[in-house]
Amino acid sequence: MTIKQAVRQRILDYCAQQQLTLNGLSTRCGITQSTLQNIVSGRNHSVTLSTIKKICDGLDISIVDFFSCELFENLEQELK
């Protein structure tokens, strides 16, 4: 799994847990719906830490909570 895929899955998991749509999350975190959709669909090739922080704020979690997951333990090496 790549970090892009792990971030995507983590966002979707938290949205499902909180019964939150991507549109609802974009409103909460101040990121445009198109940007959030591009992250989740994989069209955005790199997500900045500041964007992830905004998403975490919208989900009312810390960055530590976001990355404390098995998804991030065995990521593929990315050479780009």
Side-chain angles (χ1 to χ4, degrees):
M1 177 174 282
T2 65
I3 193 162
K4 178 172 63 171
Q5 292 167 326
V7 167
R8 171 192 183 277
Q9 190 59 52
R10 197 68 167 144
I11 291 168
L12 293 175
D13 289 348
Y14 269 110
C15 283
Q17 287 174 11
Q18 296 186 19
Q19 298 179 340
L20 188 63
T21 64
L22 289 178
N23 187 36
L25 178 57
S26 71
T27 300
R28 279 180 161 187
C29 64
I31 296 173
T32 64
Q33 185 177 2
S34 62
T35 298
L36 195 53
Q37 186 61 43
N38 286 340
I39 293 168
V40 170
S41 70
R43 284 177 272 181
N44 186 321
H45 297 289
S46 62
V47 182
T48 65
L49 192 54
S50 63
T51 299
I52 292 175
K53 172 67 170 113
K54 289 178 185 178
I55 291 168
C56 290
D57 290 346
L59 293 168
D60 198 29
I61 61 170
S62 71
I63 289 178
V64 172
D65 291 334
F66 187 85
F67 287 110
S68 293
C69 175
E70 290 180 12
L71 291 171
F72 296 101
E73 289 181 9
N74 295 307
L75 296 173
E76 296 173 14
Q77 183 177 8
E78 297 181 36
L79 300 173
K80 283 188 179 183

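All residue numbers refer to positions in the sequence shown, counting from 1.
A heavy-atom distance below 4.5 Å is found between the side chains of I61 and C56.
Once rounded to the nearest 0.5 Å, the distance linking CG of L25 with CG of L36 reads 5.0 Å. Interatomic distance, CG of L59 versus CZ of R28, reported as 7.0 Å (0.5 Å rounding). Taking CD1 of I31 as the start and CD1 of I55 as the end, the distance is 4.0 Å to the nearest 0.5 Å. To the nearest 0.5 angstrom, I39 atom CD1 is 7.5 Å from I52 atom CD1. Note: D60 CG to C29 SG = 12.5 Å, rounded to the nearest 0.5 Å. In this structure, the separation between CG on N38 and OG1 on T32 is 8.0 Å, given to the nearest 0.5 Å.
Between Q5 and T2 the shortest heavy-atom distance is OE1-N, 2.8 Å. Closest approach of R10 and L71 over heavy atoms only: N-CD1, 4.1 Å. Annotation for Q37 and L22: closest pair OE1-CD1, 3.3 Å, computed over non-hydrogen atoms. Contact detail for F66 and V7: the closest heavy-atom pair is CZ-O, 3.9 Å. Between T21 and C15, the closest heavy-atom pair is O-SG, 4.5 Å.
Crowding of Q17 atom CD: a count of heavy atoms from other residues, nucleotides or ligands under 6.0 Å exceeding 12. Residue D65 places its CG atom among more than 12 non-hydrogen atoms of other residues, nucleotides or ligands, all under 6.0 Å distant.
At a threshold of 4.5 Å between side-chain heavy atoms, the hydrophobic network of Ile, Leu, Val, Met, Phe, Trp and Tyr places I3 and V64 in two separate groups.
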